[in-house]
Amino acid sequence: MPKSRIRKKADFTPPPAKQATAIKLTNRSWVAPVMLALFLIGLVWIVVFYVTEGDLPVDALGNWNIVVGFGFIAGGFAVSTQWK
């Protein structure tokens with residue numbers, strides 16, 4: 001019986017190295033000014049409410065003006081999650 005041919009195995013070649021892909025960073029220059037503005041608006045809202053003894057900024061809201069001020073501050077924290 002004839003002897004079959006022996007196939008020579010190819011030497012191991014490592015897979016090609018992956019090239020680093022560029023990470024696309026979006027322009028988020030608006031985040032810091034908006035965040036700080038919301039913090040300051042909330043702080044000023046609450047301070048004005050206390051200094052004017054509840055007459056300003058909106059007299060009809062009464063003590064809910066504190067909630068509005070903290071709402072602005074919470075909005076500032078929400079915007080701060082977009083900061084990189």
Side-chain angles (χ1 to χ4, degrees):
M1 183 166 202
K3 196 174 184 182
S4 63
R5 284 189 278 163
I6 299 173
R7 295 182 191 148
K8 183 180 178 191
K9 288 186 175 181
D11 293 333
F12 175 75
T13 54
K18 292 182 181 179
Q19 293 180 346
T21 57
I23 298 173
K24 184 179 179 183
L25 296 176
T26 58
N27 187 3
R28 296 182 188 243
S29 60
W30 59 272
V31 173
V34 170
M35 175 185 66
L36 292 175
L38 287 172
F39 286 154
L40 289 176
I41 290 170
L43 179 65
V44 168
W45 193 287
I46 293 171
V47 168
V48 167
F49 174 72
Y50 278 116
V51 169
T52 61
E53 296 176 356
D55 292 336
L56 291 176
V58 180
D59 188 28
L61 290 178
N63 287 336
W64 283 97
N65 279 305
I66 298 171
V67 175
V68 172
F70 278 115
F72 279 113
I73 293 171
F77 280 113
V79 170
S80 72
T81 62
Q82 300 296 316
W83 195 7
K84 287 189 177 182

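Note that the coordinates shown come from a computational prediction; the quantities given were computed from them, not determined experimentally.
- When every heavy atom of L56 is checked against every heavy atom of V48, the shortest pair comes out as CB-CG1, 3.8 Å.
- Separation of atoms CG (N65) and CD1 (I46) is listed at 9.5 Å; rounding is to 0.5 Å.
- Applying the ring-ring contact (aromatic ring centres under 6.0 Å, His included) test to residues at least two apart or on different chains, the pairs with a partner in residues 50-73 are W45-F72.
- L43 is linked by a side-chain contact (heavy atoms from CB on, under 4.5 Å) to V47, counting only residues two or more places apart in sequence or in another chain.
- F49 and V44 fall into different hydrophobic clusters, defined by Ile, Leu, Val, Met, Phe, Trp and Tyr side-chain heavy atoms under 4.5 Å apart, directly or through other members.
- Scored by the side-chain hydrogen bond (donor to acceptor under 3.5 Å, both in side chains) test, S29 finds N27 as partners (sequence neighbours excluded).
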Check: residues 73-82 side-chain donor-acceptor pairs under 3.5 Å, at least two apart:
{"from": "S80", "atom 1": "OG", "to": "F77", "atom 2": "O", "distance (Å)": "2.6"}
{"from": "T81", "atom 1": "OG1", "to": "A78", "atom 2": "O", "distance (Å)": "2.6"}
{"from": "Q82", "atom 1": "OE1", "to": "R28", "atom 2": "NH1", "distance (Å)": "2.8"}

Can you list, pair by pair, the side-chain donor-acceptor contacts under 3.5 Å of residues 30-41, counting residues two or more places apart and other chains?
none

